[in-house]
Number of protein chains: 2
Amino acid sequence: MRISDVARHAGVSPSTVSYVLSGKRSISPATRERVLASVAALGYQPHAGARALASSRSNVIALMLPLRQGIHVPVLMQFATSVVTSARGHEHDVLLLTQAEGEDGLRRVVDSSMVDGVIVMDVQMDDPRISTLRSLSHPSVLIGLPADTTGLTCVDLDFDAAGQACAEHLADLGHREVALIGQPPSVYERRTGFAERTLTGFERAARERGMRSVVLPCDAQPAAVTATTNRLFRENPNVTGVVVHNEPAVTPLLEAAVAAGRRVPTDLSVVGIGTDELVTDTQPPLTMVSLPAEELGGRAVSLLMDKLDDNEPREVTLLPPRLTVRSSSAARPS
Amino acid sequence: MRISDVARHAGVSPSTVSYVLSGKRSISPATRERVLASVAALGYQPHAGARALASSRSNVIALMLPLRQGIHVPVLMQFATSVVTSARGHEHDVLLLTQAEGEDGLRRVVDSSMVDGVIVMDVQMDDPRISTLRSLSHPSVLIGLPADTTGLTCVDLDFDAAGQACAEHLADLGHREVALIGQPPSVYERRTGFAERTLTGFERAARERGMRSVVLPCDAQPAAVTATTNRLFRENPNVTGVVVHNEPAVTPLLEAAVAAGRRVPTDLSVVGIGTDELVTDTQPPLTMVSLPAEELGGRAVSLLMDKLDDNEPREVTLLPPRLTVRSSSAARPS
DNA sequence: TCCAGCAATCGAAGCGATTCGACTCCCGGA
DNA sequence: TCCGGGAGTCGAATCGCTTCGATTGCTGGA
């Protein structure tokens, strides 16, 4: 089943079929209809390889997914499916790369013209892949924000502002001592952007609003969360507001608070940062900054498509955080 | 950077370079070395599209991932990464398709020769994609087991035997009334193979061993698990053994049991079915049948590669369940 | 000595699309 | 009437690789 079969069936030349399909030259309505009918009748699908060879466009993009510990998997999947769905909306498919493939993997798929561009996730402040991305012959978009964005295209939630918004919300409610329950220690150690920026924004806002603040990294296992929570209560008994930047920690933390005799929000205010799904799993419903994974994935794809169309978008796109007040935060107990 | 550049650099013809790279004809060691040195020196990567066009092999496989509710996402990711890693071990890349693409998506990527084969997950007993898979011009492998496997290649854990093993373990411990806490109701409603087969094996073994059994589907939210657990204790107070085939339910269930005054394993034995990671999140360590997601993904890829090499493997590969006894199960309280 | 047969290499013909001129009409203005 | 120019279509070149003979040069057995 080739393009020449379609052409014969429609009584035109192969190039005409090609132009009908690509719309790159004007075709008379009558011919267009006839060709499209033949395409449908024969169930013609252009050969992807031949197309890629002739047009030097594969209509595939690569998505490099992190597989490391400390990454909350459901959020990852939200990103991935959003990227795939958006890409399909732009006539592109998605090739899956793992972080383990690293820089060589990026270079391989790009240099072999297997993909038209690359989306990379889980960016560290000083990510080793960045110099590779800069030297690639095809465009790329980062979901996340490294320290130096020169010559890159990045999209992310403004985690600094998110940390700040959470702290200010607690300050507005009159809290004086607040804590950030963060990501697992390893995430900070490898200087992952979103974790570090949340922390920065949180601490800065706390300082500016005259609150004492403490930060506790926290592993994802319920037992670890319980231990961290109890330690917080023990070592910082006057903390009345907690920001949780760690999705799986929210529920165990709320339970540990109750177990420790602290009622939420009466005795303790809890503010989360994460996907909206969190809310449905939580009692009481969580005051939180939502992480718009779906929108971020879509934006990343759009930006990449812009670059494929030779539009050079701005280097950094930061989505402003939206904090939704629900029932887990309240005024400081007097 | 083309193959002819490499050829010139090495002082041979393009076809010789091709044969060096593919190993399909014998090449003298001296020439091979020289060519490989040129490839390395120039950083040559063959053009994927040209290669696919000429060889009618894309060296890409498609993986169709389910995105439905009721699927435990971390397990999904284990499958996905295992498939990607294994595929790379066979010189293949992985194109990501979502369930939403459905049969049209499968046909599109296959008919356009974008992929050499397909791996499909989350198979239902009577899956609409199956007839499409049978009619495809390229091979496919299912992770999961539909009702009719004629002409297909399937690999899965033997969930029937797993359900049976769990029931028998409880029977061996002297339990008389047992329960299965299962997947969300929607999973059974759409007749997903692994859920249904576990249930069948569990009930059959319970019957054969003279135990009374009850089955409760269960949603994944902690609150729903707690409610289900409490209902179980209320309506079936004599149940002393529980099989949990629902990963996120395990921890809330254990907590609910404690809250209801039942000590595990003294008063209540709990047996799980799921990935080994469960164990690390659990107190006490869980007696369980492990779901070898990694091995299943690897097997699926191997089977697909066999089919690409024109070896027709057996239709059904079921991995035997391995039940590991830990501290969550014990003899029935007397 | 001759030739069969193998190892090593080359040249050229595809693979199935895209795309760039070139060509043919046909229309409207001079 | 003639000509310029746009719309619509076609033919042929091209993309970069694989692969199928064909060729060459040896080696070893008859």
Side-chain angles (χ1 to χ4, degrees), chain A residues 1-36 38-39 42-60 91 108-116 137-138 308, chain B residues 1-36 38-39 42-60 91 108-116 137-138 308:
Chain A
M1 175 59 50
R2 306 185 303 254
I3 199 172
S4 58
D5 298 323
V6 177
R8 196 173 316 115
H9 187 274
V12 297
S13 75
S15 52
T16 300
V17 175
S18 177
Y19 285 122
V20 167
L21 260 24
S22 71
K24 295 191 178 175
R25 280 198 186 175
S26 57
I27 298 283
S28 71
T31 307
R32 187 204 319 292
E33 290 314 314
R34 205 148 26 90
V35 168
L36 291 179
S38 298
V39 166
L42 302 179
Y44 169 69
Q45 286 286 355
H47 187 288
R51 189 187 273 246
L53 179 56
S55 67
S56 44
R57 285 286 215 116
S58 66
N59 277 26
V60 175
E91 308 274 69
R108 181 175 60 80
V109 296
V110 166
D111 287 352
S112 67
S113 293
M114 190 172 276
V115 302
D116 296 333
S137 56
H138 288 304
L308 288 177
Chain B
M1 173 58 51
R2 305 186 305 253
I3 199 173
S4 59
D5 298 323
V6 177
R8 196 173 317 116
H9 189 272
V12 297
S13 74
S15 52
T16 300
V17 175
S18 178
Y19 286 123
V20 166
L21 260 24
S22 71
K24 294 191 179 176
R25 281 198 185 175
S26 58
I27 297 285
S28 71
T31 307
R32 184 202 321 291
E33 291 312 315
R34 206 147 27 89
V35 169
L36 291 177
S38 298
V39 166
L42 302 178
Y44 169 70
Q45 287 284 358
H47 188 287
R51 189 184 272 241
L53 179 57
S55 66
S56 46
R57 285 287 215 118
S58 66
N59 276 30
V60 176
E91 308 274 68
R108 181 176 60 81
V109 296
V110 166
D111 287 353
S112 67
S113 294
M114 191 172 274
V115 302
D116 296 334
S137 55
H138 288 305
L308 288 177

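Quick note on labels: first sequence line is chain A, next is B, and so on, each numbered from 1. Since the model is a prediction, treat every value here as computed from it, not as a measurement.
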Whole-Å gap separating [atom2] ([N]) and [atom1] ([X]):
X: B/Arg8; N: D/dG16; atom1: CZ; atom2: C1'; value: 13 Å
X: A/Met1; N: C/dG16; atom1: CE; atom2: P; value: 11 Å
X: A/Arg57; N: C/dT18; atom1: CZ; atom2: P; value: 13 Å
X: B/Asp5; N: D/dC15; atom1: CG; atom2: P; value: 12 Å

Point to revise | Axis-to-axis angle between the two ends of the helix from C/dT1-D/dA30 to C/dA30-D/dT1 (five base pairs per end, rounded to 10 degrees) | key: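 The angle separating the two end axes equals 50°.
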Any donor-acceptor pair under 3.5 Å linking the side chain of [X] with the backbone of [Y]?
X: A/Ser38; Y: A/Arg34; result: yes
X: A/Ser4; Y: A/Pro14; result: no
X: A/Ser58; Y: A/Ala52; result: no

Check your understanding: Residues in salt bridge (Lys or Arg N to Asp or Glu O under 4.0 Å) with A/Arg2, at least two apart?
Key ->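 Once residues adjacent in sequence are excluded, A/Arg2 has no partner under the salt bridge (Lys or Arg N to Asp or Glu O under 4.0 Å) criterion.
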Check your understanding: Listed by chain and number, what are the salt bridge (Lys or Arg N to Asp or Glu O under 4.0 Å) partners of A/Arg25, not counting sequence neighbours?
Key ->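 With sequence neighbours excluded, A/Arg25 shows a salt bridge (Lys or Arg N to Asp or Glu O under 4.0 Å) to no residue whatsoever.
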Check your understanding: In residues 44-54 of chain A, which ones come under 4.0 Å of DNA chain D, going by heavy atoms?
Key ->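 Hits under 4.0 Å, by residue number: A/Leu53, A/Ala54.
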Give each protein N/O atom lying under 3.5 Å from an N/O atom of nucleotides 23-26 of chain C, with the pair distance.
none

Practice item. Check the pair A/Val110 / A/Asp116 against side-chain contact (heavy atoms from CB on, under 4.5 Å), numbers first and verdict last. Key: CA-CA 7 Å; A/Val110 166; A/Asp116 296 333; over 6 Å; no
Can you tell me how far [atom2] of [Y] sits from [atom1] of [X], rounded to the nearest 0.5 angstrom?
X: A/Ile3; Y: A/Arg8; atom1: CD1; atom2: CZ; value: 12.0 Å
X: A/Arg32; Y: A/Ser26; atom1: CZ; atom2: OG; value: 8.5 Å
X: A/Asn59; Y: A/Leu308; atom1: CG; atom2: CG; value: 9.0 Å
X: A/Lys24; Y: A/Ser18; atom1: NZ; atom2: OG; value: 8.0 Å

Review point. Out of D/dT19, D/dC10, C/dC10, which nucleotide sits closest to the side chain of B/Ser18?
Key: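 Within the option list, the nearest is D/dT19.
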Review point. Between B/Val115 and B/His138, is a side-chain contact (heavy atoms from CB on, under 4.5 Å) present by the stated rule, with each step listed?
Key: CA-CA 8 Å; B/Val115 302; B/His138 288 305; 5.6 Å; no
Review point. With no hydrogens and no angle check, do the side chains of B/Thr16 and B/Ser13 hold a donor and an acceptor under 3.5 Å apart?
Key: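 Result is yes, a qualifying pair exists.
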Exercise for review: Could you identify which residues of residues 20-35 of chain A place a heavy atom less than 4.0 Å from some atom of DNA chain C, listed by residue number, or say none?
Suggested key: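 Within residues 20-35 of chain A, the residues near DNA chain C are A/Lys24, A/Arg25.
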Practice item. Determine whether any donor atom in the side chain of B/Tyr19 lies under 3.5 Å from an acceptor atom in the base of D/dC17, or the reverse, and answer yes or no. Key: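 Under the 3.5 Å cut-off, the side chain and the base do not form any donor-acceptor pair.
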Exercise for review: Pick base, sugar-phosphate or nothing for B/Ser55, based on heavy-atom distances below 4.0 Å to the nucleic acid.
Suggested key: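 If one applies the 4.0 Å heavy-atom cut-off, B/Ser55 turns out to touch the sugar-phosphate alone, with no base involved.
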Exercise for review: Start with the C-alpha gap between A/Tyr19 and A/Val12, add the side-chain angles, then the distance that decides, and say whether side-chain contact (heavy atoms from CB on, under 4.5 Å) holds.
Suggested key: CA-CA 11 Å; A/Tyr19 285 122; A/Val12 297; over 6 Å; no
